[in-house]
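Below: the structure, in structure tokens.
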Amino acid sequence: MLSYIVLVLATVVLASNPSDSHAWKAPTAGEVRSPCPGLNTLANHGYIPRSGKSITITEIMDAAVAGFNVANTSILQAAKFGLLSGLAFDTMDLDALALHNLVEHDASISRQDWALGDNLHFNETLFSVMANINPGSDFYTPETAAQVQKMRLDDSIARNPNVTNTDRELQLRSRESSLYLSIFGNTTTGVTPKQFVNIFFREERLPIEEGWKRSEILITPDTMNDMEDFIVANSNWKQSQACEPVVIGPGIVI
């Protein structure tokens, strides 16, 4: 009887606590991370190799669905570009994604511009622009996302004489904003608890302990289109250059 009770209790514990293969763990010495909090979070939870090295596109695609319920079509193009960050035929290392103007870009929410310093690691000073937006409210929205994008770009233009600011960067920033709003909030309205998003950026952790649950709706370009269009239209973006540098590999720009 005692062994039966122990077995039942063990079953209950396992049922209430998912396998620790996806428990959050901070990167250790020798493990690498990227400028992208999404990829870093997937690595910290073991959805992609925790080492951050030799990662395939298939692993990223599977991890995005398993961790965030983000469809392959939402990130496939960026993932394919990521392969150009290194010299391997079919894998990438996360830290190589800091290669400027490949998928990394200026006026990031949480990273410094490459010309101004460290474009790889989280920067609390820059993130405070977003963290302090919409005071008195516990939520981020598409409106706040547009405001933050404008404020961060204005700052980059003021401080970085080499800022890259084309339509490509606008689209990248707006897709990233739509993703964090969709993953951590309402996939239709974009109303998103600040607590969840702040933990994601600052700790690169899924805020499961705080009550977040993976979206039941598959997040696709179609589910994000209206939100993304709104962010673009309300970020008051002005084109300052027609063409961006085309990066096709480490040290190769055309």
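What you see is a predicted model, and the numbers here were worked out from it, not measured in a lab. Any value given below was found using the heavy atoms of this structure, including those in side chains, with hydrogens, waters and symmetry copies removed.
In this structure, Glu244 has no salt bridge (Lys or Arg N to Asp or Glu O under 4.0 Å) partners at least two apart in sequence or on a different chain. Contacts of Asp229 classified as side-chain hydrogen bond (donor to acceptor under 3.5 Å, both in side chains), with partners at least two apart in sequence or in another chain: none. The side-chain hydrogen bond (donor to acceptor under 3.5 Å, both in side chains) test applied to Thr41 returns no partner, not counting sequence neighbours. Judged as a salt bridge (Lys or Arg N to Asp or Glu O under 4.0 Å), and not counting sequence neighbours, the contacts of Asp154 are Lys150. Not counting sequence neighbours, Lys25 has no partner by the side-chain hydrogen bond (donor to acceptor under 3.5 Å, both in side chains) test. For Arg50, there are no salt bridge (Lys or Arg N to Asp or Glu O under 4.0 Å) partners at least two apart in sequence or on another chain.
Around the CD1 atom of Ile252, the shell of radius 6.0 Å holds more than 12 heavy atoms that belong to other residues, nucleotides or ligands. Annotation for Gln77: atom CD does not count as buried by contact number, only 12 or fewer foreign heavy atoms lying within 6.0 Å.
At distances below 3.5 Å, not a single donor-acceptor pair connects side-chain atoms of Ser128 with backbone N or O atoms of Ala131. Although no hydrogens or angles enter the test, the distance criterion places a donor-acceptor pair under 3.5 Å between the side chain of Arg214 and the main chain of Ala66. Of the possible polar contacts, one joining the Lys194 side chain to the Ser137 backbone as a donor-acceptor pair under 3.5 Å is found. Remark: side-chain polar atoms of Ser182 are paired, donor with acceptor, to backbone N or O of Ser178 under 3.5 angstrom. Under the 3.5 Å distance criterion, the side-chain polar atoms of Thr192 are matched with a main-chain donor or acceptor of Leu181.
Residue pairs meeting the side-chain hydrogen bond (donor to acceptor under 3.5 Å, both in side chains) criterion with at least one partner in residues 196-207, sequence neighbours excluded, are Asn40-Glu204, Arg111-Glu204, Glu124-Arg202, Tyr140-Asn198, Glu203-Arg205, Arg205-Glu210. Screening residues 149-186 for ring-ring contact (aromatic ring centres under 6.0 Å, His included) gives Tyr180-Phe201, Phe184-Phe200, Phe184-Trp212 as the qualifying pairs, with residues at least two apart or on separate chains. Here salt bridge (Lys or Arg N to Asp or Glu O under 4.0 Å) pairs that include residues 92-110, with residues two or more places apart or in two chains, number zero. Within the structure, no pair that satisfies the salt bridge (Lys or Arg N to Asp or Glu O under 4.0 Å) test touches residues 165-174, not counting sequence neighbours. Residue pairs meeting the salt bridge (Lys or Arg N to Asp or Glu O under 4.0 Å) criterion with at least one partner in residues 129-139, sequence neighbours excluded, do not occur; the list is empty. Sorted by first then second residue, the ring-ring contact (aromatic ring centres under 6.0 Å, His included) pairs that include residues 49-105, not counting sequence neighbours, are His100-Trp114.
With no hydrogens or angles considered, no side-chain donor-acceptor pair links Thr144 and Asn134 at under 3.5 Å.
With contacts defined as side-chain heavy-atom distances shorter than 4.5 Å, the pair Met61/Val65 does not qualify. Contact of the Cys243 side chain with the Thr166 side chain is not registered, since no non-hydrogen atoms from C-beta on lie closer than 4.5 Å. Taking the side chain as every heavy atom from C-beta outward, Ile57 and Ile60 never approach each other to under 4.5 Å.
A single hydrophobic cluster is seen to contain both Phe127 and Met151, as judged by linkage of ILVMFWY side chains at heavy-atom distances under 4.5 Å, directly or through other members. Criterion: ILVMFWY side-chain heavy atoms under 4.5 Å apart, direct or through other members. Under it, Ile55 and Tyr47 are part of a common hydrophobic cluster. The cluster map of Ile, Leu, Val, Met, Phe, Trp and Tyr, joined by side-chain heavy atoms under 4.5 Å apart, puts Val232 and Val148 in different clusters. Under the 4.5 Å side-chain contact rule for hydrophobic residues, Phe122 and Leu39 share a cluster.
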